[in-house]
> 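Take this structure first; my questions come after.
A, B, ... follow the sequence lines: proteins, then strands. Residue 1 opens every chain.
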Number of protein chains: 2
Amino acid sequence: MTPPDQALRADAKRNRDRIVQVAREALRTTGDVSLNAIAKTAGVGSGTLYRHFANRDALLIEVYREEIRDLVDQVAPLLAEHPPLVATRMWFEALAEAMKTKQGLGDALTGSTKQTVTSESYGPVVGAIRALLDAGEATGEVRPGLDVDDVLLLLGALWRVPPGAEGDEQGERLMSLILRSIAA
Amino acid sequence: MTPPDQALRADAKRNRDRIVQVAREALRTTGDVSLNAIAKTAGVGSGTLYRHFANRDALLIEVYREEIRDLVDQVAPLLAEHPPLVATRMWFEALAEAMKTKQGLGDALTGSTKQTVTSESYGPVVGAIRALLDAGEATGEVRPGLDVDDVLLLLGALWRVPPGAEGDEQGERLMSLILRSIAA
DNA sequence: ACCTGAACACCGTTCAAGT
DNA sequence: ACCTGAACACCGTTCAAGT
């Protein structure tokens with residue numbers, strides 16, 4: 001696993017960037033792209049891909065790093081402009097929407113690979129949820145003592161709704177159920 | 001896809017049973033067993049496995065058919081002996097426990113392969129949940145108008161808790177959250 | 001220091017050939 | 001009617017050989 005920027009030889013950095021770019025492009029349409037295929041499209045040897053990314057999840061995280069950061073950065077402005085529970089609902093919706101398009105990231109976040117992911121994406125997302133819950137606790141809208149991992153696990157239901165016309169309604173119903181469960 | 005019992009040639013039935021038995025055995029310890037490996041251990045050609053089971057999910061369903069039936073059959077006695085919400089909690093716990101050991105079945109139940117599964121396992125499980133919710137509705141303990149698929153999707157959180165010592169506590173916390181969300 | 005790409009040990013799936 | 005098992009088109013991953 002090479003770091004994103006620091007101290008990479010020029011060709012190494014170029015390869016790394018190409019891999020991420022190709023992967024991002026490929027993942028936009030479907031989740032099942034082989035790492036070999038990504039390497040080939042990026043014009044690098046498969047070993048090069050593995051030199052930069054220890055496994056599929058590591059590549060996923062890198063591909064979506066900025067999107068996750070943008071999402072997490074939304075928490076503060078949302079909390080500034082809305083009551084905690086409203087901000088929470090809005091952010092949860094944004095998270096669910098993001099996870100539905102970003103193939104495999106949701107599982108990487110909730111899944112057993114949590115360790116690898118920790119500092120990169122899991123951490124920030126957990127931090128975002130924590131901030132929302134704390135704000136709700138402070139105003140008494142959210143029941144105190146909630147575990148962030150519990151909430152994250154529940155939220156998984158949101159990005160597992162089958163896609164389609166009825167999916168939106170189911171998403172809204174689930175959101176209500178989840179909010180009810182965490183409300184004071 | 002051959003049916004389980006009817007009108008199978010003797011050797012065909014023998015092969016089918018062997019495959020299911022070997023698969024059940026293998027799945028007891030781990031979820032990642034290849035279909036080829038199952039066929040080999042069962043002493044049949046890989047084509048034979050595919051003749052009997054169109055895909056992995058079909059085999060999974062068959063392997064766990066009886067366990068699912070037993071689970072579903074528990075609903076009536078539970079409802080007879082406990083208040084609806086208590087019965088619901090107990091059955092949800094049993095379901096979660098079953099899904100944690102029965103590798104891959106949970107995803108097959110909630111996942112996108114829902115169609116294939118419908119009549120076999122998804123149907124009965126949904127029926128069981130429906131019965132529990134209806135009983136709770138009748139006594140006013142459960143809020144009316146709940147969607148079974150919504151509840152099933154929420155329950156998914158229960159069998160996604162990472163295994164380990166803290167897993168039990170997280171399971172209990174999640175159960176409370178879910179019950180709170182469906183209570184009147 | 002980094003890259004290449006053949007090679008390894010697998011997958012799931014198919015299908016000609018057999019009985 | 002059913003079975004076999006080689007064969008196909010892939011996987012993820014490794015590692016000698018190169019620059």
> Atom CG of A/Leu153 and atom CG of A/Asp147: how far apart are they, to the nearest 0.5 Å?
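Here the interatomic distance stands at 9.5 Å.
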> B/Asn36 has an atom CG; how far is it from atom C1' of D/dC3, in whole Å?
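Atom-to-atom, B/Asn36 to D/dC3, this comes out as 15 Å.
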> Nearest to the side chain of B/Val44, heavy atoms from C-beta on, is which of D/dG12, D/dT4, C/dT13?
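Nearest listed nucleotide: D/dT4.
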> When both hydrogen-bonding distances must be under 3.5 Å and the geometry is Watson-Crick or G-U wobble, what is C/dC11 paired with, if anything?
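No nucleotide pairs with C/dC11.
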> Are side-chain heavy atoms of A/Ile68 and A/Val72 found at a separation under 4.5 Å?
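Answer yes - side chains close enough.
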> Separation of A/Asp32 atom CG from D/dC11 atom P, in whole Å?
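Whole-Å distance recorded here is 9 Å.
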> Nearest-Å distance, CG (A/Leu59) to C1' (D/dG12)?
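In whole Å, D/dG12 C1' and A/Leu59 CG are 13 Å from each other.
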> Where each residue is assigned the nucleotide of DNA chain D containing its nearest heavy atom, which of A/Val33 and B/Arg9 is assigned the position nearer the 5′ end?
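The 5'-side residue here is B/Arg9.
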> How would you label the contact of A/Asp11 with the nucleic acid (heavy atoms, under 4.0 Å): base, sugar-phosphate, or nothing?
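Result for A/Asp11 = sugar-phosphate.
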> CD/B/Gln74 to CG/B/Leu79 distance, rounded to the nearest 0.5 angstrom?
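Answer rounded to 0.5 Å: 11.5 Å.
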> Send over the distance from A/Phe53 CZ to D/dT13 C1', rounded to a whole Å.
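Nearest whole value for this atom pair: 16 Å.
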> Can you check the B/Ile38 CD1 to D/dT4 C1' distance for me, whole Å?
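Going from CD1 in B/Ile38 over to C1' in D/dT4 covers 18 Å.
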> Take the protein atom NZ of A/Lys40 and the nucleotide atom C1' of D/dA9, then report the distance between them rounded to whole Å.
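Result: 12 Å.
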> Are A/Arg89 and A/Ser176 close enough that a side-chain donor and a side-chain acceptor fall under 3.5 Å?
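Side-chain D/A pair, A/Arg89 to A/Ser176: present.
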> Could you tell me whether A/Glu66 and A/Arg69 make a salt bridge, using a distance below 4.0 angstrom between a side-chain N and a carboxylate O?
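So A/Glu66 does not pair with A/Arg69 through a salt bridge.
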> B/Leu49 CG to C/dT14 P: how many Å, rounded?
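Roughly 12 Å, once rounded to whole Å.
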> Whom does C/dA16 pair with, Watson-Crick or G-U wobble, provided both distances fall under 3.5 Å?
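With both distances under 3.5 Å, C/dA16 matches D/dT4.
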> Starting at CZ of B/Arg51 and ending at C1' of C/dG18, how long is that distance when rounded to a whole Å?
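It is 14 Å, rounded to the nearest whole Å.
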> Relative to the 5' end of DNA chain C, which residue comes earlier, B/Thr48 or A/Gly43, by the nucleotide with the nearest heavy atom?
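Counting from the 5' end, the first nearest nucleotide belongs to A/Gly43.
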> With a 4.0 Å limit, can you tell me whether B/His52 has a side-chain N or O closer than that to the phosphate oxygens OP1/OP2 of D/dC3?
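Yes, such a contact exists.
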> Does B/Ser46 or B/Ala12 map to a spot on DNA chain D nearer the 5' end, using the closest nucleotide for each?
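Mapping each residue to its closest nucleotide by heavy atoms, the 5'-most match is B/Ala12.
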> Ignoring backbone atoms, test whether A/Asn15 places a side-chain nitrogen or oxygen under 4.0 Å from the OP1 or OP2 oxygen of C/dC3.
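Yes, because at least one side-chain N or O of A/Asn15 sits under 4.0 Å from OP1 or OP2 of C/dC3.
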